[in-house]
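Notes follow the structure.
As a basis for the values below, the full set of heavy atoms in this structure was taken, side chains included, without hydrogen atoms, waters or symmetry mates. Just follow the structure's listing: the first ligand is 1, and inside any ligand the first atom is 1.
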Amino acid sequence: MKLLRERIGLKVFLSYLLIILIGGLVMILAAEIHAPVALGRHIARMQEIVGDDPALAADLLENFATALTEILLVAMGVSIAAAIAISIFTTRRITAPIESMKDASRSIASGEYQRRVEVRSEDELGSMARSFNRMAETLEQTEQRRLSLIGDLAHELRNPLASIKGTMEALVDGVMPIETDALIDVQREVNRLQRLVQDLEELSRAEAGQIQLEMKLVSPGELISEVVRRLQGQYDDKGVELKVDISATPAQISADPQRLTQVMLNLLGNALQYTPVGGEVYVDVEEKPGNLIVKVRDTGAGIPEHELDRIFERFYRVDKSRARPGGGTGVGLTIARHLVEAHSGRIVAESPGLGQGSTFTVFLPLSS
Ligand code: ADP
């Protein structure tokens, strides 16, 4: 019984055997019922021609029964042999891919994430192998993301920590006088670390797809005006002009106002950060069939063409030294892209090149 539970081949063979036995039984029953009647009719006709001979009739009946038994035995024997051969063949076809998936899953469990299985057919087993490979690929990507996140994080923490350590050592050794400037430097780096931690929390939620949108009917015009109002002071302080055109804005769209505000704060914050004194930033909104399009264009630092996609990757900065004074964490756009995609929208960056300004465009489906 244990063997039967453990061996798929035995199960397949027993199912064939059952079919053969049922087939044989039906044949025997059919022969028992129909053969004597048919033979009886035949013998009656023969007796009309050759005369009544009970011995001949009995002999005929006996020979017929023997022949029938022999035929049935040979047929059952050949069928059982065929059942054994077919069940071995079928079992191999079924178990080989299963065995290879079993091996591959063991390898993956021990950290060999690049293992895949061969897809040998188009049937259910083939589709199971394909699903298995997809799962392995996802696990491999997750592992790669985990490793690169650890690497990125170590890299991001190194600079502020080294700066804090250097200042603190100089203060403790008396090399540097304890003055407000030195303490402000330390405070700035600590603030930077704190912002990094907050951004990372947000990023990990976004990357895990755990952002819960609270969809409401929102007036995009009011939302943008509010973001502009919050940043206007900083624009004035730096001497960058902010021009807003929201005349073509639809009255209401369905969106999460808090998340959309976050995206706009990031885009307008970046535009301010990467636009020099005397520069300009334009915000305009238009409605195209099915989409609300928000454009944030600046006359600032610009982005080289080959880096336009990469700036949406976490911790990616076009010029590392450029981001330092402003203290950007390099994950703002990554989060913004996740937030826009959570609204079923998309965000793209365009720029004619370094020093020639950039345009960030957000497409939001109007039906969402
Ligand atoms: P950060 O905190 O560094 O600004 P982001 O994810 O918001 O991080 O942006 C990633 C990088 O994209 C920035 O470091 C910068 O190099 C580039 N970038 C973003 N916005 C602009 C812009 N308006 N003009 C030029 N470069 C930009």
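With a heavy-atom cut-off of 4.0 Å, Phe360 touches ligand 1 through its side chain alone. At a 4.0 Å heavy-atom cut-off, ligand 1 does not touch Thr275 at all. Residue contacts with ligand 1 for Leu333 involve both N, CA, C or O and side-chain atoms from C-beta outward (heavy atoms, distance under 4.0 Å). When heavy-atom distances to ligand 1 are checked against a 4.0 Å cut-off, Asn266 comes that close only through its side chain, counted from C-beta outward.
Partners of Gln198 according to the side-chain hydrogen bond (donor to acceptor under 3.5 Å, both in side chains) rule, which considers only residues two or more places apart in sequence or in another chain, do not exist here. Take Arg205 and apply the side-chain hydrogen bond (donor to acceptor under 3.5 Å, both in side chains) test, not counting sequence neighbours, and it matches Glu202.
Using a 4.0 Å cut-off between charged nitrogen and carboxylate oxygen, Glu143 and Arg146 count as a salt-bridge pair. A salt bridge links Arg116 with Glu140; the closest basic N to acidic carboxylate O contact falls under 4.0 Å. Looking at Arg310 and Glu313, a side-chain N of the basic residue comes within less than 4.0 Å of a carboxylate O on the acidic one, giving a salt bridge.
Under a 4.0 Å criterion applied to the non-hydrogen atoms of Ile311, ligand 1 contributes the atoms 10 (C), 12 (O), 17 (C). Shown in contact with Val331 at under 4.0 Å from a heavy atom are these atoms of ligand 1, numbered in order with element: 6 (O), 8 (O). Against a heavy-atom cut-off of under 4.0 Å, Ser358 is close to the following atoms of ligand 1: 22 (C), 24 (N), 25 (C).
Using a 4.0 angstrom heavy-atom cutoff, Gly302 counts as in contact with ligand 1. Residue-ligand proximity: Gly300 is placed with every non-hydrogen atom at 4.0 Å or more from ligand 1.
Tyr113 and Gln144 are not linked by any side-chain donor-acceptor pair at a separation below 3.5 angstrom, with hydrogens and angles left out of the test.
Residues Ala349 and Phe360 approach most closely at CB-CE2, 3.6 Å, considering heavy atoms.
Checking only distances, Gly330 does come within under 3.5 Å of ligand 1, N or O to N or O. For a threshold of 3.5 Å applied to N or O pairs, the pair formed by Thr334 and ligand 1 contains no separation below that value. Among the atoms of Gly332, some N or O lies under 3.5 angstrom from an N or O of ligand 1.
With Val117 as reference, Met101 is the one residue of Arg130, Met101, Lys102 to meet the side-chain contact (heavy atoms from CB on, under 4.5 Å) rule.
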